[in-house]
Amino acid sequence: MLIVMKAQATDVEVTGVVNSLQERGLEAHLSRGKERVVIGAVGDVHSVTQSSILALEGVERIIPIAHPFKLVSRNFKNHDTVVDLGVVQVGDRAITVFAGPCAVEGRDVVLSTAAAVARAGATGLRGGAFKPRTSPYSFQGLGSAGLEILAEARALTGLPVVTEAMTPQQVAEVAEMADVIQLGARNMQNYDLLQEAGRARKPVLLKRGMSSTVDEWLLAAEYIVAAGNPNVILCERGIRTFSQRTRNTLDLSAIPLVKELSHLPVIVDPSHATGHWSLVGPMARAAIAAGADGLLVEVHADPATALCDGGQSLTPENFGRLMEDIELIARAQGRQVARLRQRQPQSTDGLTAASGTSPVPQD
Ligand code: PEP
Ligand code: MN
């Protein structure tokens, strides 16, 4: 249930409602809009009568929520969530592009790919140190050593890093190094992992499960937000269908649908969605045209030698061309591709403050 406070409600009245909800065993989440405060009551709301809430000082009205998800719902928060990565924001009008290899395979290849994507205008570096592989015999990633390589690539390029945590135990280590904690498609319904990421002080990129509905995906995001982390970026990466010519089927309609249902930013991974580098550009362009807030794209300095997903990885040259196309599509929509700002000193909560401008280091 959402409790809409009167425009002139005082802080004491807001606290009164919060206390009253907590006394009834409910959690209260506040959304402070420009004009009024909305309080999301989470828990067993059936035991609470609407009239008893309406009787509290400062309450204007109650909106019962039709969706199973609450805190990530547009009803709870009407303005878009903007996730601040210090040097760039996700969910603003600008388009954020995370690019890099599927896996952190080694120092040289990651540093050269990171430099190349930075030169082409990427605003983030992707790369898995911990890799969820279908086969136990495939390359499993470099683990902690891979995180150190990503940190070096960030220091050289200024690009914020997104990398995956596969288990609750890995969350702290990944959160310590990364700017964004990625939760993969295979783990979208790993509830212990969602809750641990919800307790972390870094933003989370939540991929859609390969056989998950949009409601299940938003409920997974709800776990993270309900555990205390409001900074969630959703990532559509294609779903399983009968179509066998592509690795997955990109659900483009999920982009405007999620934007209708939720205030969270949504980006698209055209690489895992298609499985073929030649299809990545067209689907990336379509995703931006459909209103996505950004992209997560696999790029490799030499895809032919990649240890993981080389067939769907763009060369740096093709990635450069894609960035030019994206800029044109963005401009046609009155948007633009995001530019990196100067990295700010870390604040105590691990998130950085935004301001200033500086060019991307060129190598
Ligand atoms: C990835 O982006 O590295 C990845 C493993 O993708 P997904 O979880 O979407 O399969
Ligand atoms: Mn991959």
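We count ligands from 1, going down the list as the structure has it; atoms in each ligand are counted the same way.
The shortest N or O to N or O distance between Arg186 and ligand 1 is under 3.5 Å. Between Glu164 and ligand 1, a contact under 3.5 Å exists for no N or O pair. Between Cys102 and ligand 1, no pair of N/O atoms sits closer than 3.5 Å.
Pairs of residues two or more places apart, or lying in two chains, that qualify as ring pair (Phe, Tyr, Trp, His ring centres under 6.0 Å) and include a residue from residues 192-232 are Tyr191-Tyr223.
Distances shorter than 2.8 Å separate the Mn ion (ligand 2) from the protein N/O/S atoms Cys102 SG, His272 NE2, Glu298 OE2, Asp309 OD2.
Atoms of ligand 1 found under 4.0 Å from any heavy atom of Lys131, numbered from 1 in the order shown, are 3 (O), 5 (C). Near Gly184, meaning under 4.0 Å from any of its heavy atoms, are these atoms of ligand 1: 8 (O). Near Gln182, with a cut-off below 4.0 Å to any heavy atom, the atoms of ligand 1 are 1 (C), 2 (O), 3 (O).
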- request: Run the numbers on Arg24 and Ser52 for side-chain hydrogen bond (donor to acceptor under 3.5 Å, both in side chains), then give the verdict.
  value: CA-CA 11 Å; Arg24 299 164 205 233; Ser52 68; 2.8 Å; yes
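Here the heavy atom of the protein found nearest to atom 8 (O) of ligand 1 is Ala185 N, 2.8 Å. Regarding atom 6 (O) of ligand 1, its nearest protein heavy-atom neighbour is Lys207 NZ, 3.0 Å. Protein heavy atom at the shortest distance from atom 9 (O) of ligand 1 is Arg237 NE, 2.6 Å. The closest protein non-hydrogen atom to atom 3 (O) of ligand 1 is Arg126 NH2, 2.8 Å.
One finds no salt bridge joining Asp293 and Arg93 here, because no Lys/Arg side-chain nitrogen approaches an Asp/Glu carboxylate oxygen to under 4.0 Å.
Note on ligand 1: Arg208 sits outside its first shell, no heavy atom being nearer than 4.0 Å.
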